[in-house]
Amino acid sequence: MPAKNIGIPGIEPPKNECNDPKCPWHGHVKVRGTILKGVVVSAKMQRTVVVRHDYLHYVKKYKRYERRHTKIHAHNPPCINAREGDIVIIGETRPLAKTVSFVVLAVVGRVSDYALKKLK
């Protein structure tokens with residue numbers, strides 16, 4: 001079964017195929033809402049990764065930005081198989097589990113081991 005179009009321009013489908021029902025490319029999950037970029041800091045769960053998303057928050061009182069981060073649990077389909085240290089794009093879906101409402105769409109690159117230790 002070829003990968004279906006998920007409607008997000010600039011993201012290529014994976015070359016591998018899978019039979020995961022929670023995969024946006026080969027399953028029945030639709031991507032809607034927020035699209036984020038982050039670094040995988042943990043891949044110890046089954047088909048789930050923890051993604052650290054860094055962002056800037058504006059503080060009106062001081063008219064400056066501060067750096068913040070959040071850790072998001074995302075479903076990791078077998079056709080993508082993101083590992084620790086990968087820079088990934090994740091998309092919001094319906095709730096897939098108690099704490100999982102995002103799915104990994106693509107692996108963009110990789111960070112060094114030194115930078116990964118600083119992120120944890």
If you take all heavy atoms of P24 and V103, which pair is closest and at what distance?
-> CD-CG2, 3.6 Å
Of the non-hydrogen atoms in P21 and V29, which two are nearest, and what is the gap between them?
-> O-CG2, 3.8 Å
Smallest separation among heavy atoms of P95 and S101, with atom names | CA-OG, 3.6 Å
Intermediate values then yes/no, side-chain contact (heavy atoms from CB on, under 4.5 Å), I89 and I35 = CA-CA 7 Å; I89 296 174; I35 307 291; 3.7 Å; yes
For the pair K63 (side chain) and Y58 (backbone), establish whether a donor and an acceptor sit closer than 3.5 Å, ignoring hydrogens and angles.
-> no
Flag the pair Y55 / H57 as yes when their ring centroid distance falls below 6.0 Å, and as no otherwise.
-> no
Calculate, to the nearest 0.5 Å, the distance between atoms CH2 and CD1 belonging to W25 and I11 respectively.
-> 6.0 Å
Heavy-atom pair of closest approach, residues A43 and A82 = CB-O, 4.2 Å
Quick one: do the H75 and T48 side chains pair a donor with an acceptor below 3.5 Å?
-> no
Look only at the side chain of N5 and the backbone of G7, and say whether a donor-acceptor pair between them is shorter than 3.5 Å.
-> yes
CA sep, side-chain torsions, deciding dist, call: H28, K22, side-chain contact (heavy atoms from CB on, under 4.5 Å) = CA-CA 6 Å; H28 305 293; K22 295 180 180 177; over 6 Å; no
In this structure, CG of N76 is separated from CZ of R83 (nearest 0.5 Å) by 10.0 Å
Would you find a donor on one side and an acceptor on the other, under 3.5 Å apart, between the side chain of H53 and the backbone of K37?
-> yes
In the single-linkage hydrophobic clustering (I, L, V, M, F, W, Y; side-chain heavy atoms under 4.5 Å), do L36 and V39 co-cluster?
-> yes
4.5 Å side-chain heavy-atom contact, P78 and R47 = yes
Would you say the side-chain atoms of R110 pair up with the backbone N or O of E84, donor to acceptor, closer than 3.5 Å?
-> yes
Are L96 and I80 connected in the hydrophobic side-chain network, where two residues link if heavy atoms are under 4.5 Å apart?
-> no
Linking I/L/V/M/F/W/Y whenever any side-chain heavy atoms sit under 4.5 Å apart, do I72 and V107 land together?
-> yes
Measure from the side-chain N and O atoms of E92 to the backbone N and O of T34, and report whether any donor-acceptor pair falls under 3.5 Å.
-> yes
Heavy-atom check, side chain of V50 versus side chain of V40, under 4.5 Å = no
Are R64 and E66 within salt-bridge range, i.e. N to O under 4.0 Å?
-> no
Side-chain heavy atoms under 4.5 angstrom apart, residues restricted to Ile, Leu, Val, Met, Phe, Trp, Tyr: same cluster for V108 and L105?
-> yes
Nearest heavy-atom pair of V31 and G91: which atoms, and what distance?
-> CG1-CA, 4.0 Å
Any side-chain heavy-atom pair of R67 and L56 under 4.5 Å | yes
Note: H26 and P14 closest approach over all heavy atoms is CE1-CG, 4.2 Å
Who are the salt bridge (charged side-chain N to carboxylate O under 4.0 Å, His left out) partners of R52, not counting sequence neighbours?
-> D54
